[in-house]
Colleague: 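The following block contains the structure, expressed as structure tokens.
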Amino acid sequence: MTDYTLELRNVSKTYGDFTAVDDVSFAVPKGAVYGFLGPNGAGKTTTIRMILEIIKPSSGEISIFGSSSALEVRDRIGYLPEEKGLYKKMTAWSIIAYFATLKGMDRRSAKRRAYELLERYGLKDFADSKTEALSKGMGQKVQVLASIAHDPEFVILDEPFSGLDPVNQEVMEEVIRDIAARGHTVLFSTHVMSHAERICDQIVLLAGGKKVLDDTVENARMVIPRKLRLESASDLSFLDRMDQVLRMVPIDERGDAIPEGSGPAGNLWDVHLSDKAEPIDVIEQCLKEGIHLDRFDYSPPSLHEVFVHLVGDKAKEASFR
Amino acid sequence: MRAIFLIALREYAENAKTKGFWIGLFLFPVIIFASIFVQKALEESTPTRHFILVDQSGLYGTSIREDIAKTYRSDVARALGEYVQDHGVNSVEQHLPDPEKLSADLLDGMMAKAESVMGPEMDAMFTPAGIEVMLTQMATASGGLVEDRPPFEMPKARFQEVSLPIEYDADLPIDELAKILRPYLKGEKTITHDGEQIQLFAAALLPRDIQESIDRPGMAGLLKMAADQESARKAEADGEAIARKGGQFWAANLADADLKSRIQRSINNELHHTELVLRGLDADAVAEVNETSLSLSSLDPKKDEGKEEVSMADKIRQWAPVGFVYLLWIGIFTISQMLLNNTVEEKSNRIIEVLLSSVTAAELMLGKLAGIAGIGITMIGVWMGSLITILKLSSGPEAEIPNVLLDVLLGSGLIYWFVLYFCLGYLLYAGIFLAIGSLCNTIKDAQNMMGPIMVIMMVPLITMMFIPKDPNGTLATILSWIPLYTPFTMMNRAAADPPMFDKIGTLVLLVCFTFFTLLMVGKVFRAGILRTGQPPKFRELLTWIKS
């Protein structure tokens, strides 16, 4: 039996007629880095708040460290909320130390830990500055550090990357990897797929309050067919007859599909492969036919594409509601 | 418990760092200090008032001059007393036996005694040599004077007569004299006195026929009044200036009427004296009669038998609660406002979420209440401490009011009631402010909701001055039973011994009301604190409270 840090069973949250979270179940194993994905308004923040027992679910069960109440195990949890804010008049170190003491650390070690963390993540010079003097990105880093200062076994980060420049996004990834390296569990939400792709073991995809996907990153990629991009002046129609090829789509220079009947197909094609097919099968076939290929591109589908494929319509709908 | 303590500690530390807190802390003692010492300084800085006295009748000049001299001599006597007090060897321990006796009555007594400083043998005493003698005599009571003392300085005269410039004839008609003196009185010209150029403050002009304008009772008086009115009407009809009769007092400064009333009093005393003598009474007997007096003592039926005299302390005790009410009001609302601001800050920048993932809403609320209460107690403590210190510093036999105030502050039970009502009033109002804070995302929202609260809050300030006059009246009683006003009104009434039923009843009601308010606030706080967007509708609020 796997040791789960967090388990959600049929959790729903309704506000009047509006269902923010609809029958969501998933489990985060101990030590995993779990990505919590979904478009705006998918119910990610609501779910996180329910996990932390800031709000109560309308139905369903949440178990965290085997406890039904996050408050009972709150000292083992670290939390970074989606909207970032700090006490303006407090210094960076004192704010980190304050939150650490609230989580049960004694004042002396909390202070030492605050300075340690600030130094490790490049904010040493700002340790004694009031947070109102910090830039937005620095303030956010301070807040992240505040949420992990007590070395929690389970860290929940709501949109940790938003508002950070690329360099600091990498620092943030490093923070998450550091936590994972200690065998601690991380659940973080984001809508930037590249981060999830790089650091997650597993992802949960939410859309319109419903769970759409819950799998490893590898498997998630399989959700959409793999594609080859070929360029050739020759006729490639023989490929369409192969078992391994699902279909051939003519595309233009920008990679967009050319709709049927809207002009002649050019030299560019997207070849959709079936599950069992390997890209090498296509190359072999081409060699056999003696076809000269000007271009052969293969890259596995990105999470971004998976995301758009799965929730694209819902996301658009949500953002225009 | 630990979480509550940590939150309280942070609230305390962060608020204690704000400028507003320190300004509030120091402003109060500064104001107290200023109100005690500025008054004194103002008194001392009032310049000598120079005046011209022209008495053509020759009837009143002597008595006026004598009275002015008397005023100065009693000033000198008082200054000598203060000097001995300040520089006497034993004067530090020497406290007046009963500060309560140092009332306005005593001051009158001193004035009366000043009469005796007017005899010819006394003139010698107010020469520099005589003053030395007096000083030595007075100092023996204080065990001599200390060595390194500054020399005694004669006090500045409050009033100084200057003579009419010699180029003018004092026998000119009054109206002409007035015309001549006008530029001097308006400050356009200066007058020479003792070789110095000085500003003329006032001119008292008494005409030759001053006796004709004496107001008398009975038919004669009425006839005179009618004749005066008739002549005034005629003058108006003819377009002439109204002919003024009687003495005239000219002064450009209308605010300082001290000199005028002194001169007027001298004239009337002298007038009464001569009238009595005219009626065949012995001049010495009249003078003696004038010195006799009777006074009514104020007695308070509520005090112990044999000690019913109303003293200065009693009067202060009666009014001291007003000061306490004001402190209560300022204290409670200053810190409740802090609580409101902090809550809105936490809410608007979403720190609240992190806090709530670490502590429960109840812990957060209690921690905030406790932390800000600490601020309030510090503030009140500093205020009280500085008040007592200032009073102690300025007390002494010469300063009766600080003495009595100190006595009232420390001796009566008012201070305990004050602490009790401060705590309860704070919890009640802080609770309400906390609920408002939890519902608002911005200070602007909060201010909108504060509007009605402000109106409710103004009531104790308005009634503050009326209640001591009728402390157990209907208005006071009704207000006492409204929990929102109980702390203020009962504090206001505290000195007047309100009925036990009111005291205990309102207290119980207040405690219960505060308790239930805090319970409700807890619910509103929990539901409101995470809410974003618009503050909730009233109906929504009710469902939260019911849940």
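Quick note on labels: first sequence line is chain A, next is B, and so on, each numbered from 1.
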Colleague: Which bit of A/Tyr79 is near chain B, if near means a heavy-atom gap under 4.5 Å: side chain, backbone, both or neither?
Modeller: both
Colleague: In Å and rounded to the nearest 0.5 Å, what is the OG to CD1 distance from B/Ser357 to A/Ile51?
Modeller: 12.5 Å
Colleague: Measure the spacing between CZ of B/Arg2 and CG of A/Asp106 and express it to the nearest 0.5 Å.
Modeller: 8.0 Å
Colleague: Any side-chain heavy atom of B/Glu14 within less than 4.5 Å of one from A/Lys89?
Modeller: yes
Colleague: Please say whether more than 12 non-hydrogen atoms of neighbouring residues, nucleotides or ligands are located less than 6.0 Å from CZ in B/Phe21.
Modeller: yes
Colleague: Does a donor on one side chain and an acceptor on the other come within less than 3.5 Å for A/Tyr87 and B/Glu345?
Modeller: no
Colleague: Take atom CZ in B/Phe5; do more than 12 heavy atoms of anything else shown fall under 6.0 Å from it?
Modeller: no
Colleague: Does a side-chain heavy-atom distance below 4.5 Å link A/Gln143 with B/Val354?
Modeller: yes
Colleague: Would you say the side chain of A/Asp158 lies within less than 4.5 Å of the side chain of B/Glu353, judging by non-hydrogen atoms?
Modeller: no
Colleague: Measuring heavy-atom distances to chain A, does B/Ile352 have an atom under 4.5 Å in its side chain, in its backbone, in both, or in neither?
Modeller: neither
Colleague: Within this structure, what is the CE-CG distance for the pair A/Met105 and B/Leu6, rounded to the nearest 0.5 Å?
Modeller: 13.0 Å
Colleague: Got a second to check how far A/Tyr98's OH is from B/Leu9's CG, nearest 0.5 Å?
Modeller: 9.0 Å
Colleague: Crowded around B/Lys17 NZ? As in, over 12 foreign heavy atoms under 6.0 Å?
Modeller: yes
Colleague: Given heavy-atom pairs under 4.5 angstrom as the criterion, report whether the side chain, backbone, both or neither of A/Glu53 touches chain B.
Modeller: neither
Colleague: Is a side-chain donor or acceptor of A/Arg74 paired with a backbone partner of B/Leu356 at a separation under 3.5 angstrom?
Modeller: no
Colleague: Hey, which of A/Arg107, A/His150, A/Met90 has the most heavy atom pairs under 4.5 Å with chain B?
Modeller: A/Met90
Colleague: Side chain, backbone, both or neither: which part of B/Thr18 has a heavy atom under 4.5 Å from chain A?
Modeller: neither
Colleague: Quick one: what part of A/Leu86 sits under 4.5 Å from any heavy atom of chain B, side chain, backbone, both or neither?
Modeller: backbone
Colleague: Got B/Ile7 and A/Leu102 here, is their nearest side-chain heavy-atom distance under 4.5 Å?
Modeller: yes
